[in-house]
Amino acid sequence: MLRAWSAQRVRDAEATLMSRLPEGELMRRAAQGLAEVCRARLPASGGARVVVLAGPGNNGADALYAAARLAQDGHDCVALQGDWPLAIGDSASWSAAGVTVLAPGGDWAAPLAGADLVIDGLLGIGGRPGLPQDAVAWVDAIPASAYVVSVDLPSGQDPAGQSRSDTGVFADETVTFAVAKPVHLLPATEAAVGRLTVIDIGLELDGEPDVERLDFADVAHLWPVPTIADDKYSRGVLGVVAGGENYTGAPVLCCTAAVGAGLGMLRYVGTPAPTALVRAAIPEAVHGEGRVQAWVVGPGLDITSRARGSKAQLDVARSALDSDLPVLVDAGGLDLVHGPRQGPTLLTPHAGELSRLLTRLEGSETTREAVEADPLSHARRAADLTGATVLLKGATTLVVPPTDWGLAVRSQNDAPAWLATAGAGDVLSGVCGALLASGLTPLDAGSLGALVHGVSADLANPGGPVRALAVAHGIPQAVAHLLTR
Ligand SMILES: NC(=O)C1=CN([C@@H]2O[C@H](COP(=O)(O)OP(=O)(O)OC[C@H]3O[C@@H](n4cnc5c(N)ncnc54)[C@H](O)[C@@H]3O)[C@@H](O)[C@H]2O)[C@@H](O)CC1
Ligand SMILES: Nc1ncnc2c1ncn2[C@@H]1O[C@H](COP(=O)(O)OP(=O)(O)O)[C@@H](O)[C@H]1O
Ligand SMILES: [K+]
């Protein structure tokens with residue numbers, strides 16, 4: 001599991017550790033780790049051009065100390081200073097250490113254009129959103145051929161990871177210290193981070209992190225693997241209320257994925273046309289209402305439909321939501337959510353569905369664009385309004401419990417962009433529903449389901465396009481792959 005702590009919590013922990021260590025020791029460790037990463041990206045023979053974007057704080061000092069080490073390897077190291085004093089040293093002392101500091105207003109364009117490696121030490125966890133004025137033009141002029149290493153985080157991006165800046169740095173690699181921070185894992189900023197390397201500086205953080213990411217090794221700990229004591233009922237029965245006379249494919253995708261994830265049994269509640277398709281595609285399914293351990297309500301469900309069988313199907317959907325059983329609510333089922341319900345609940349909207357849900361629940365308009373600009377805050381608002389865990393789908397999928405539970409947000413990024421295809425969400429609802437039926441919490445079911453869903457998309461056709469049905473069919477192999485790796 002990758003864990004991230006907020007900038008403030010990292011600062012507090014650093015202050016405690018620093019009071020026990022010789023002055024400058026933490027920065028020495030940080031600069032050494034940073035230099036080692038940069039060294040590994042540069043020719044051992046020396047002679048490369050390294051350009052440091054040196055900000056006013058300790059982030060700039062980390063970058064300058066690392067550059068001084070690279071200068072000892074024979075690289076040509078130049079630092080750009082803007083209209084601010086450096087946190088440590090001045091141009092004379094850095095020059096003695098082998099780093100040429102270009103004073104504010106100096107000719108920075110030529111050295112930057114020739115950079116092989118750019119070390120972005122403009123702002124770290126002390127940064128406010130936006131860049132220092134002089135640095136805006138530097139960042140804009142970073143040559144595409146240079147390898148950009150950001151110190152701690154890509155400067156100009158929000159350390160809390162809530163909103164993305166298009167003018168901030170987009171790094172090839174980010175070297176952070178002690179632990180990841182929310183900026184590294186959350187959807188608004190993750191794309192600016194590039195490859196993430198965490199350097200151990202002897203700082204431990206404890207307590208619940210702010211953000212977590214399951215990795216492949218977590219699957220074996222969390223996945224419900226049956227034992228010889230199990231039977232089909234003890235493994236969990238999932239009820240699926242999905243599809244209708246218009247949307248007939250969604251239940252096939254959802255149910256295929258659910259049985260593929262290893263359910264004890266699946267009950268399907270539909271109208272005539274999708275029922276016939278589910279009968280043909282999933283002979284394992286049992287039809288009609290009955291005892292279940294969890295429900296999936298909503299893929300392909302149109303609550304306004306007057307078609308034959310719709311009223312009876314809707315009655316089952318409503319009674320599932322009125323029960324105290326775990327329920328995953330997706331797509332059309334979200335129109336049935338009016339506030340908190342009794343049982344564990346996982347809502348699985350995409351950004352458009354979340355904007356509609358918030359607009360209805362709050363009585364004032366929230367646009368899809370607003371959700372996309374700050375996914376975490378909006379998912380959090382929906383979680384707080386409904387008492388449910390909210391899984392917000394996207395290239396990075398967030399799983400957000402209500403604030404007062406005091407739990408970390410999960411953020412998963414396991415899928416190729418090829419997964420952005422119709423029906424993929426129906427597959428996800430089946431996987432997560434199966435996990436709810438086997439007793440996992442909405443937080444674990446949502447994040448583990450998103451991970452396996454992404455891996456199945458990758459394995460279905462590595463490097464190429466995938467269709468949702470292939471992702472659904474690939475779930476059993478993806479689970480086996482992750483359990484036996
Ligand atoms: N605190 C520690 O013990 C350690 C800190 N380390 C480094 O120190 C960094 C944090 O250092 P600082 O607290 O000095 O903070 P930063 O270096 O992130 O920046 C703070 C400085 O930038 C200015 N500033 C912030 N946002 C600005 C903006 N948008 N436009 C213009 N100026 C802006 C502030 O006024 C302040 O002068 C970490 O990210 C990490 O790189 C590491 O050396 C490891 C140890
Ligand atoms: N750019 C992307 N990269 C990876 N996965 C994505 C991307 N965009 C969307 N996804 C995933 O694809 C799925 C799409 O679901 P959804 O929008 O509900 O589609 P549908 O309603 O057609 O089933 C979600 O699991 C989402 O996380
Ligand atoms: K930085």
Side-chain angles (χ1 to χ4, degrees), residues 7 10-15 17-18 21 24-31 33-34 53-63 65-66 82-88 119-136 148-159 165 168-169 171 174-178 181 183 187 191 199 201 203 247 249-250 253-254 298-300 330-332 348-353 391-398 412-429 431-432 449-450 453-454 457-458 466 468 471:
V10 171
R11 264 180 197 292
D12 293 347
E14 274 174 351
L17 180 61
M18 273 196 293
L21 289 174
E25 174 60 16
L26 270 192
M27 187 172 279
R28 194 194 61 74
R29 292 178 190 175
L34 173 63
L53 309 184
N58 290 331
N59 197 254
D62 284 344
Y65 276 121
D83 186 18
W84 51 77
L86 298 174
I88 296 178
I119 306 181
D120 154 34
L122 289 168
L123 297 171
I125 56 175
R128 302 180 295 273
L131 287 171
Q133 191 50 43
D134 288 359
V136 175
V148 179
V149 176
S150 280
V151 184
D152 215 4
L153 54 97
S155 301
Q157 304 296 344
D158 172 14
S165 157
V169 173
T174 295
V175 177
T176 195
F177 309 116
K181 323 290 176 327
V183 57
I199 302 289
I201 56 169
L203 181 72
Y247 301 105
L253 293 164
C254 171
D330 184 42
T348 60
H350 55 57
E353 288 163 346
L391 180 154
L392 175 56
K393 291 178 274 196
T396 295
T397 290
L398 284 178
Q412 296 300 132
N413 178 355
D414 309 284
W418 297 107
L419 187 58
T421 180
D426 306 324
V427 175
L428 179 70
S429 69
V431 180
C432 297
H453 184 237
D458 215 15
V466 282
V471 180

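One-based numbering, in listed order, for ligands and for the atoms of each.
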Q: Which residue is it: T174, V148, L153? I am looking for the one with a side chain to side chain contact (heavy atoms under 4.5 Å, CB included) to V169.
A: V148

Q: Of all the heavy atoms in P129, does at least one lie under 4.0 Å from an atom in ligand 1?
A: yes

Q: Using a strict 4.0 Å cut-off to heavy atoms of M27, name the atoms of ligand 1 that fall inside it.
A: 43 (O)

Q: Starting from the C-alpha separation in whole Å, work towards a yes-or-no answer on side-chain contact (heavy atoms from CB on, under 4.5 Å) for M27 and N58.
A: CA-CA 8 Å; M27 187 172 279; N58 290 331; 3.5 Å; yes

Q: Would you mind checking which non-hydrogen protein atom is closest to atom 28 (C) of ligand 1, with the distance to 0.1 Å?
A: L123 CD1, 3.9 Å

Q: Please confirm whether G130 approaches ligand 1 to less than 4.0 Å, judged on its heavy atoms.
A: yes

Q: Does P56 reach ligand 1, in the sense of a heavy atom lying below 4.0 Å from it?
A: yes

Q: Where does N58 meet ligand 1, judged by heavy-atom distances below 4.0 Å: at the side chain, the backbone, both, or neither?
A: both

Q: Examine the proximity of ligand 1 to M18 and report which part, side chain or backbone, both or neither, has a heavy atom under 4.0 Å away.
A: side chain

Q: Under 4.5 Å between any side-chain heavy atoms of D152 and D62, yes or no?
A: no

Q: So, for A30 and F177, which heavy atoms are closest and what is the spacing to 0.1 Å?
A: O-CE2, 3.5 Å

Q: What's the spacing between L428 CG and T348 OG1 if we round to 0.5 Å?
A: 6.5 Å

Q: What's the spacing between W84 CH2 and L122 CG if we round to 0.5 Å?
A: 6.0 Å

Q: Ignoring hydrogens, what is the shortest heavy-atom contact between E353 and K393? Give both atom names and the distance.
A: OE1-NZ, 4.5 Å

Q: When you look for heavy atoms under 4.0 Å from ligand 1, do you find them on the side chain of E14, its backbone, both, or neither?
A: side chain

Q: Mark up the atoms of ligand 1 that fall under 4.0 Å of a heavy atom belonging to F177, in ascending order.
A: 41 (O)

Q: Looking only at heavy atoms, what is the nearest atom pair of D330 and S429, with distance?
A: OD2-CB, 4.0 Å

Q: What protein heavy atom sits nearest atom 26 (N) of ligand 1, and how far away is it?
A: R128 N, 2.9 Å

Q: Counting heavy atoms only, which part of L153 comes closer than 4.0 Å to ligand 1: side chain, backbone, both or neither?
A: neither

Q: Which pair of non-hydrogen atoms, one from G121 and one from V151, has the smallest distance, and what is that distance?
A: CA-CG2, 4.1 Å

Q: Looking at G127, which atoms of ligand 1 are within less than 4.0 Å of one of its heavy atoms?
A: 18 (O), 25 (C), 26 (N)

Q: Starting from atom 9 (C) of ligand 1, what is the nearest protein heavy atom, named by residue and atom, and what distance separates them?
A: N59 N, 3.6 Å

Q: Atoms of ligand 1 less than 4.0 Å from L26 heavy atoms?
A: 3 (O), 45 (C)

Q: Taking only distance into account, with no hydrogens and no angle test, what donor-acceptor pairs under 3.5 Å do side-chain atoms of residues 413-425 form with protein atoms, sequence neighbours excluded?
A:
unit_1, atom_1, unit_2, atom_2, d
N413, ND2, E190, OE1, 3.3
N413, ND2, E190, OE2, 3.2
D414, OD2, Q412, NE2, 3.0
W418, NE1, G464, O, 3.4

Q: Which residue holds the protein heavy atom closest to atom 41 (O) of ligand 1, what is that atom called, and what is the gap in Å?
A: D62 OD2, 2.6 Å

Q: Considering non-hydrogen atoms of the protein only, which is the closest contact for atom 44 (C) of ligand 1, and what is the distance?
A: A30 CB, 3.8 Å

Q: My question is simple, although I want it checked carefully: is atom 36 (C) of ligand 1 less than 4.0 angstrom from any protein heavy atom?
A: no

Q: If you have a sec, work out which protein heavy atom is nearest atom 20 (C) of ligand 1 and how many Å separate them, to one decimal?
A: G126 O, 4.0 Å

Q: Go through R29 and L203 one step at a time and tell me if the side-chain contact (heavy atoms from CB on, under 4.5 Å) criterion holds.
A: CA-CA 11 Å; R29 292 178 190 175; L203 181 72; over 6 Å; no

Q: So, do L34 and I199 sit near enough that their side-chain heavy atoms are less than 4.5 Å apart?
A: no

Q: Are the side chains of V183 and T176 in touch, meaning some heavy atoms are under 4.5 Å apart?
A: no

Q: Donor-acceptor check, side chain of Q157 to backbone of S165, threshold 3.5 angstrom: yes or no?
A: yes

Q: Below a 4.0 angstrom heavy-atom separation, can you tell me which part of D152, side chain or backbone, both or neither, approaches ligand 1?
A: side chain

Q: Identify all pairs of nitrogen or oxygen atoms, one from ligand 2 and one from the protein, separated by less than 3.5 Å, and list them with distances.
A:
unit_1, atom_1, unit_2, atom_2, d
ligand 2, 12 (O), L419, O, 3.2
ligand 2, 15 (O), G425, N, 3.2
ligand 2, 18 (O), K393, NZ, 2.7
ligand 2, 22 (O), G423, N, 2.7
ligand 2, 23 (O), G423, N, 3.2
ligand 2, 23 (O), A424, N, 3.4
ligand 2, 23 (O), G425, N, 2.7
ligand 2, 23 (O), D426, N, 3.3
ligand 2, 27 (O), G394, N, 3.0
ligand 2, 27 (O), G394, O, 2.9
ligand 2, 27 (O), T397, OG1, 3.2

Q: Could you check atom 10 (C) of ligand 1 against the protein and tell me its nearest heavy-atom contact, residue, atom and distance included?
A: I125 CG1, 4.0 Å

Q: If you measure from each non-hydrogen atom of R11 to ligand 1, which part falls under 4.0 Å: side chain, backbone, both or neither?
A: side chain

Q: How far apart are the closest heavy atoms of N59 and D120, and which atoms are they?
A: OD1-O, 3.8 Å

Q: Which residues pass the side chain to side chain donor-acceptor pair (under 3.5 Å) test with R11, not counting sequence neighbours?
A: none

Q: Which protein non-hydrogen atom lies closest to atom 16 (P) of ligand 1, naming both residue and atom, and how far is it?
A: G124 N, 3.7 Å

Q: Could you please tell me which protein N, O or S atoms lie under 3.4 Å from the K ion (ligand 3)?
A: N59 OD1, D120 O, L123 O, V151 O, L153 O, S155 OG

Q: Which heavy atom in D426 sits nearest to a heavy atom in P299, and how many Å separate them?
A: OD1-CB, 3.6 Å

